[in-house]
Amino acid sequence: MPDLRAAAKRTKGEVQYRTFAMPEEAKHLGTGKKYHIYTYGCQANVRDSETLSGLLEQMDYTKAETGEEADLVIFNTCAVRRNAEEHVFGNLGELKSWRRSHPDAIICVCGCMVQEEAVVNELLRSYPQVDLIFGTHNIYRLPYLLMDYDKTKEKTVEVFSGQGDVMENMPVRRSDPYKGYVNIMYGCNKFCTYCIVPYTRGKERSRHQEDIIREVEELKEQGCHEVILLGQNVNAYGKDLGMEDGFTQLLEAVAETGIERIRFYTSHPRDYSFSTILAMKKYPNIMKALHLPVQSGSTAVLKRMNRGYTAESYLKLVADMKREIPDITFTTDLIVGFPDETDEDFQKTLDLVDACAFDGAFTFIYSPREGTPAARFEDHIPMHVKKERLSLLNEKIAYYGHLNNQKYMDQTLRVLCEGPSKKNPAVYTGYSEENKLVNFTGPAGLDGKIVDVRITKTLSFSLNGMAL
């Protein structure tokens, strides 16, 4: 069972680096069976689902297009906001009747949600159709859990609340043939007062640089054009390994592989190094687009959030980047309605958005997470006030998104074509070097290619164009 108090402890013991090997007994456990994974949350969860798929396909399972067609259904969950959990519970509830008509099917719930004791208790109490529950630290144990369930048919909960190890050589089924997620580190040591991630993902632990570079080179050999380096706080990479300025060293080493495009998520303003800015400036294959969460424009709120920087230092960092890389684009995360955020605090957030003119932002109303310090803060802000603030903030973000996009009118952007748009199969979709979503027309056969696209229309959060 999970234990948030145990998860909050940061032990001084060394991280164990291990190599995965599929047990022989599991290699044909899925023969003739299908699996389906529902993924919720961030890119880290997407990458975990790629590993889950790799494990299952190494066990001879095949992928089903829908959960209804599957013999094994996995819900890979997110715990960042309460509505994400409610979404999972709602989808699980819809499977009750399906499970009755598919008694031999297996339903699993894993990921960040089940690192919370209250969630596991709710699953055990109200969702008897769930067979296996496992967390973020023991994904590699899935073959063993399935082998045991195959023999006993007993419901199993296996959630580790330790600080986590690093498991290399895990199989993977990539969700995108043209760009690949690459974990560079796991966990977070920041303990922002509102955030559950340090409890669900464990302490910061970096992969060895040579293992990361090997994965990037393999992706390049497979025809991948873009890699996205992942970590809860990528700027902390290498600190646990005793590396000086580890993230910049790694970033430069990845750039030297010659992979065409490099992005990274997520950066923390507190740890951002000027050397990283210079590396972005030096290497043309490091994209000049940065996601830099600020959360609030009020230094008083940032202090209550335990973010470790001020609004003024964030603005200076943005100004430094724009001075060194004038064409850099910025996106961010913003929370409104943090406990006792005043009208003045909120106005400072709007002022910061004016100063930064972000290209886009993920905006949220504060969602208390049980077990975090902020969940115990008194909150006197009415919900209707929080919703009004979110609406005002979104209007401002949309304004700057559209304003920034206008400069691309009649310009030619380099777009990695991801294939037909989901909304209109006659139109291609992809992202430019500036991380702009571009929908465009062009001849057949552009999937997976980097295409020159002339922009013919600008919107707040996307661009339309025509392949040249």
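Atom set for the values below is all heavy atoms of this structure, side chains included, hydrogens, waters and symmetry mates excluded.
If you check the side chains of Tyr194 and Arg307, you find a donor sitting under 3.5 Å from an acceptor. A side-chain N or O of Tyr35 and one of Glu57 form a donor-acceptor pair less than 3.5 Å apart. A side-chain donor from one of Thr248 and Ser275 sits under 3.5 Å from a side-chain acceptor of the other. If you check the side chains of Thr329 and Asp359, you find no donor sitting under 3.5 Å from an acceptor. The closest side-chain donor-acceptor pair between Asn306 and Thr193, if any, does not fall under 3.5 angstrom. No side-chain N or O of Thr39 forms a donor-acceptor pair with one of Asn45 less than 3.5 Å apart. Looking only at atom types and distance, the side chain of Glu312 has a donor-acceptor partner in the side chain of Thr299 under 3.5 Å away. Using a 3.5 Å distance cut-off with no hydrogens or angles, the side chains of Ser298 and Asp345 do pair a donor with an acceptor. Judged purely by distance below 3.5 Å, without hydrogens or angles, the side chains of His291 and Thr331 pair a donor atom with an acceptor atom. Gln347 and Asp351 are linked by a side-chain donor-acceptor pair at a separation below 3.5 angstrom, with hydrogens and angles left out of the test. Looking at Ser391 and Asn394, their side chains never bring a donor and an acceptor atom within 3.5 Å of each other.
Using modelled atom types, one side-chain atom of Gln115 and one backbone atom of Thr136 make a donor-acceptor pair closer than 3.5 Å. Side-chain atoms of Thr332 come within 3.5 Å of backbone N or O of Val294 as a donor-acceptor pair. Glu418 places no side-chain N or O within 3.5 Å of a backbone atom of Gly430 that could act as its donor or acceptor partner. Side-chain atoms of Tyr314 come within 3.5 Å of backbone atoms of Leu292 as a donor-acceptor pair (strictly under, hydrogens ignored). Side-chain atoms of Asn189 do not come within 3.5 Å of backbone N or O of Lys203 as any donor-acceptor pair. Judged by distance alone, the side chain of Tyr199 and the main-chain N or O of Glu116 form no donor-acceptor pair under 3.5 Å. Side-chain atoms of Asn405 come within 3.5 Å of backbone N or O of Leu459 as a donor-acceptor pair.
The aromatic rings of Phe338 and Phe377 lie perpendicular to each other, with more than 60° between the two planes, well past the 30° mark. In this pair, Phe75 and Tyr40 present their aromatic rings parallel. The plane angle is below 30°, not in the 30 to 60° band. Classified by interplanar angle (parallel below 30°, tilted 30° to 60°, perpendicular above 60°), the ring pair Tyr38/His36 is perpendicular.
Between Arg207 and Glu215 there is a salt bridge, since at least one side-chain N of the basic residue sits less than 4.0 Å from a carboxylate O of the acidic one. Ion pairing between a basic and an acidic side chain is recognised when a charged N comes within 4.0 Å of a carboxylate O; Arg389 and Glu341 show such pairing. Ionic pairing of Glu50 and Arg174 is present here: one or more N-O contacts between side-chain nitrogen and carboxylate oxygen are shorter than 4.0 angstrom. Salt bridge annotation for Arg82-Glu86: present, with a cationic side-chain nitrogen under 4.0 angstrom from a carboxylate oxygen. Ion pair Lys239/Asp245 not flagged as a salt bridge, since none of the NZ, NE, NH1 or NH2 atoms sits closer than 4.0 Å to an Asp/Glu carboxylate oxygen. Ion pair Arg304/Asp340 not flagged as a salt bridge, since none of the NZ, NE, NH1 or NH2 atoms sits closer than 4.0 Å to an Asp/Glu carboxylate oxygen. Under a 4.0 Å N-O distance rule, the pair Asp211/Arg214 qualifies as a salt bridge. Using a cut-off of 4.0 Å between Lys/Arg side-chain N and Asp/Glu carboxylate O, Glu434 and Lys288 are scored as not salt-bridged. With salt bridges taken as basic N to acidic carboxylate O contacts below 4.0 Å, none links Asp165 and Arg205.
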Test side chain to side chain donor-acceptor pair (under 3.5 Å) applied to Asp240 and Ser206, step by step: CA-CA 7 Å; Asp240 56 317; Ser206 303; 2.6 Å; yes

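In this structure, Lys449 places its NZ atom where only 12 or fewer heavy-atom neighbours from other residues, nucleotides or ligands lie under 6.0 Å away. In this structure, Gln406 places its CD atom where more than 12 heavy-atom neighbours from other residues, nucleotides or ligands lie under 6.0 Å away.
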